Amino acid sequence: MSREKQKNIKPINFSELLTMAQNYKSLILDKKTDLYQTRSYFIEKFKNQISSGSKKLYWKNFNYNIFSEKNKINERNFEKNNIVSFEKSSDVSIVINDGVITSDKNLPNNIRITDFKEISDDDVCSYIKKTDKLNDPFVSVNNGSCDCGFVLDVKESKSPQIIHIKNISSKAGLYQNRQIYNISKNVKITFIESFEGCSEQFNNTISQWEVKENANVYKYSFGSRAGSHKNSQSVFSEFVEQHKNSTCNFYSFYFNEGGLGFSGKIRNNILFNLIGENITSNQWSVSLLRDECFVDNDVRTQHMSPNCSSSQVYKGIYNDRSKGRFDSCVYVAKDAQKSDTVQSNNNILLNDNASVNSNPQLEIFADDVKCAHGSTIGQIDRNALFYLRARGISEVLAKKLLLTAFVGDIVESINNSDILNLVSEEVEKQFHN
Amino acid sequence: MLEIKNLQSSINEKNVLKGLNLNVNPGEIHAIMGPNGSGKSTLASVISGNEDHEVINGDIRFMGESILDYSPEDRARAGIFLSFQYPVEIPGVSVSNFIKTSVNEIRKSRGLPQIKANELLKAMREKLDLLSMKSEFLSRSLNDGFSGGEKKRNEIFQMSMLNPTLAILDETDSGLDIDALKIVANGVNKLKSSSNSFIIITHYQRLLNYIKPDFVHVLSDGEIVKTGGAELALLLEENGYDNIVD
Ligand SMILES: Nc1ncnc2c1ncn2[C@@H]1O[C@H](COP(=O)(O)OP(=O)(O)OP(=O)(O)O)[C@@H](O)[C@H]1O
Ligand SMILES: [Mg+2]
C-alpha cells in the first residue's frame with residue numbers, strides 16, 4: 001500500500017506545535033507546582049518522541065504546516081441545511097462550542113459536566129499522569145498543553161438516558177481537547193457524538209473513560225473530530241478502563257456523504273483495558289470513504305481478568321483514492337482465562353487507487369481462551385451482482401444493495417431503533433454512483 | 001420469440017458454445033439435456049447477458065430484436081428470467097426487499113408506478129402458498145443458509161412473482177425431493193400460457209413427467225446435436241448419450 005507518496009505533504013515542521021505547547025506552560029506562574037513539573041515533563045517527552053523514530057510512524061505522515069498563520073483564514077461555514085438532528089433520538093444535548101460548554105441547562109440531576117479549566121490542579125495532574133505509559137507524542141503534547149475540554153460525571157439514574165454531545169468548532173490550526181468520562185456503578189447510558197465545523201483544523205483530542213462496576217455504556221460517534229474540511233486532520237486517543245461486570249458498545253461511523261459526512265484524515269488510538277471479571281467490550285466501526293480520506297485505526301484491547309469478552313468488528317468500503325487501516329491487537333494476560341475475543345475486519349475496494357491495510361494480532365498468555373480473528377479485502381461479488389441484475393435491478397442499484405448489505409450486520413446490531421433508522425438513512429446516501 | 005443463430009461464445013479464452021442454433025416460439029416448452037460441461041449453463045448465462053462470457057459470433061434475437069447489446073437488467077426487464085443452477089447467497093438482503101426492488105425496477109422500465117406495499121405482500125403470500133413455502137422466507141437473507149431445495153423453490157417463487165415471457169430453468173429439479181419436484185412443476189404449469197415459453201435444462205427425464213416438453217434437444221460440446229419430441233428424453237434415460245454423441 002501507499003506506493004506513491006502523497007504529493008501535497010510539505011516538509012514536517014513541528015516548531016509551531018512546540019511553541020504553542022510551551023506558551024501554554026508559561027501561563028502557569030508558580031514553577032514549583034506539581035502541575036508545572038508534570039506539564040514540563042510531558043512537553044520534553046513530546047519533543048523527544050516527535051523527532052525520533054522511523055518514518056513509518058503515523059505522526060510523521062501528518063501535515064503540520066496548517067498551523068502557520070496564513071492558513072488560518074481558510075475557513076468555511078458548514079452547510080447547515082444537511083446537518084442531521086439527534087433531537088428525536090436523545091434525551092438531552094450538551095453543546096461544546098470551540099471547547100466551551102455552551103448548553104448544559106437541562107441536564108438531569110445525576111449528570112454533571114465541568115469545564116476542564118475549572119477542575120483542580122491536582123485532578124488535572126492525576127488525569128494526565130494516567131496516560132504516562134503511552135509512547136505517543138500526541139498524547140504527550142496534549143498532556144503538556146491541553147487546557148480545554150470537560151469532565152463528565154454520571155451517577156446512577158432510575159432509567160437509561162441518551163445524551164447527545166454536539167461538538168461545534170470552526171477553529172483552524174491546532175485544537176486540543178480533553179474529555180473525561182466518569183461513569184459510576186450501575187449507570188445505563190448512551191452517548192451520541194457529532195462534530196460540526198469546516199476549517200483546516202488539526203484536532204488532538206484525548207478521551208478518558210472510567211466505566212465502573214456493572215455500568216452499561218453505548219456510544220455512537222459520527223465523523224471526524226476535526227470537522228469536515230478536506231484538509232482537516234484528527235488524532236484521537238481514547239482510553240477506556242472497564243471494571244467488573246461492565247458493558248461497553250462503542251460504534252464509530254465514518255461517512256463522506258450526507259449530514260454526518262466528514263472529509264480529511266483521521267487517526268484513532270484506542271485502548272480498552274478490561275480490569276475486572278465478566279466484562280463485555282464491543283467496538284463496531286464502519287468506514288464508507290471517498291476522495292482522499294483516510295481512517296487509520298490502531299486498536300488495543302487488554303484482557304487482564306478472567307471471563308471477559310471483547311470484539312472489534314470493523315468494516316470499510318473504499319472508493320476513489322481513500323484509505324483505511326486496521327491495526328488491532330488483543331492482549332490476554334496470564335490470569336485472564338476464559339477470555340472470548342473476536343477481531344474481524346472486512347473491506348471492499350471499489351477503485352484500484354483505494355487501499356486498505358489490515359493487521360489483526362494476538363498476544364495471548366492464558367491457555368484457556370477463545371480468540372477468533374480474521375480479515376478480508378475484496379471487491380463486489382460479481383456473481384451476486386449478476387444475480388441481482390438478472391432480476392431487472394440496475395447495476396447502480398444492485399451495487400448499492402450489496403454494499404448496504406455488507407455493513408448491514410453492524411447497522412442492524414444497533415439496539416436503539418431511532419438511531420438505527422438514522423444510521424440506515426445515512427448509509428443509503430453513501431452509494432449514489 | 002427467441003431465435004439463436006450460430007451462437008459462439010468463450011470464457012477465459014476457452015470456446016464453449018460452438019455454433020448453436022435454437023428457435024423457441026410462444027407457448028412452447030423446450031427441454032435441453034446433455035453431458036456435464038457441454039455448455040448448458042453457458043447457454044443460459046449468455047441468453048441472460050452474463051458479461052463473463054464473450055459472444056464471438058452469431059446472434060440472439062428476442063421478440064424480434066437482437067439483444068446482444070442489452071445489459072442483464074434490460075433483458076430481465078424485456079421478460080427473460082433465469083432460474084440459476086447455483087443461486088447466489090446474499091447475506092443482508094432479505095427475500096422480500098429483493099423481490100420488491102426487482103418488481104419495481106421492472107415496473108419502472110415499463111413506465112408503471114411502484115407497486116403498493118400491501119398489494120405486493122398479498123401477491124407474495126399467494127405465490128408462497130402455491131409453492132408450499134412459509135412466509136418466514138420473506139424476512140430471511142436471500143439464499144443465505146437455504147438448503148439446496150429451498151434455493152430452487154426460491155427461484156421458482158421469484159419466477160412466479162415476475163411472470164416472465166421466457167423462463168430458463170437451469171437444473172431447477174436437481175436436489176429436489178419428489179414432493180418438491182411436483183410443487184416446482186406445478187409452479188411452471190401455472191405460469192404456462194400460449195404467450196409464455198420455457199427452456200428447461202435437466203439431466204433427468206423425471207421432471208418431464210410433470211412438465212411435458214414440446215421439444216427435447218441434446219447439447220454436446222457447444223452444439224445442439226439432436227432434437228426430438230418428449231420421447232427422446234426417455235430414450236436418453238435408457239441409453240445415455242453415447243449413441244447420440246459421436
Ligand atoms: N469461468 C470459467 N472459466 C473457464 N471455463 C469455464 C468457466 N465457466 C465454465 N467453463 C467451462 O465451460 C464449459 C461449459 O460449462 P457449463 O457450466 O456451461 O456446463 P453444463 O453443461 O452446464 O454442465 P453441468 O451439467 O455440469 O451443469 C465447461 O467445460 C466449463 O469448465
Ligand atoms: Mg450447468
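Atoms considered below: every heavy atom in the structure, side chains included; atoms not considered: hydrogens, waters and symmetry mates. Letters A, B, ... are given to chains in the order of the sequence lines, protein chains preceding strands, and every chain is numbered from 1. None of the values given here were measured: they were computed from a predicted structure.
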Please say whether more than 12 non-hydrogen atoms of neighbouring residues, nucleotides or ligands are located less than 6.0 Å from [atom1] in [X].
X      : atom1 : answer
B/K18  : NZ    : yes
B/K151 : NZ    : yes
A/K400 : NZ    : yes
B/D69  : CG    : no
B/Q114 : CD    : no
A/E87  : CD    : no

Requested in this report: Give, as side chain, backbone, both or neither, the part of A/E412 having an atom under 4.5 angstrom from any heavy atom of chain B.
Outcome: neither
Query - Side chain / backbone / both / neither for A/N383 at chain B, heavy atoms under 4.5 Å - result: both
Report summary line: Rounded to the nearest 0.5 Å, the OH atom of A/Y387 sits from the CG atom of B/N143 at a distance of 4.0 Å
Report task. Output the distance between atom CE (B/M159) and atom CZ (A/R391), rounded to the nearest 0.5 Å. Result -> 10.0 Å
Query raised in the report: Do the side chains of A/L401 and B/N97 get nearer than 4.5 Å, heavy atoms only?
Result: yes
Requested in this report: Could you check if a side-chain atom of B/V88 sits within less than 4.5 angstrom of a side-chain atom of A/F386, using non-hydrogen atoms only?
Outcome: no
Pick one of side chain, backbone, both or neither for [X], based on which atoms fall under 4.5 Å of a heavy atom in chain A.
X      : value
B/P164 : neither
B/Q158 : side chain
B/L142 : side chain
B/Y86  : neither

So which residue, [options], ends up with the most heavy-atom pairs under 4.5 Å with chain A?
options              : value
B/N50, B/T101, B/D52 : B/N50
B/V93, B/L82, B/I106 : B/L82
B/G92, B/P72, B/S48  : B/P72

Side-chain atoms of residues 370-380 of chain A: list all donor-acceptor pairs with protein atoms under 3.5 Å, sequence neighbours left out, distances to 0.1 Å.
from   : atom 1 : to     : atom 2 : distance (Å)
A/S375 : OG     : A/S358 : OG     : 3.3
A/T376 : OG1    : A/N346 : OD1    : 2.6

Query raised in the report: When you check the gap from the basic side-chain N to the acidic O, do B/E105 and A/R389 get nearer than 4.0 Å?
Result: no
Requested in this report: For A/A384 and B/I90, work out which heavy atoms get closest and say how close.
Outcome: CB-CD1, 3.9 Å
Query raised in the report: Between A/G392, A/A390, A/A405, which residue shows the highest count of heavy-atom pairs closer than 4.5 Å to chain B?
Result: A/G392
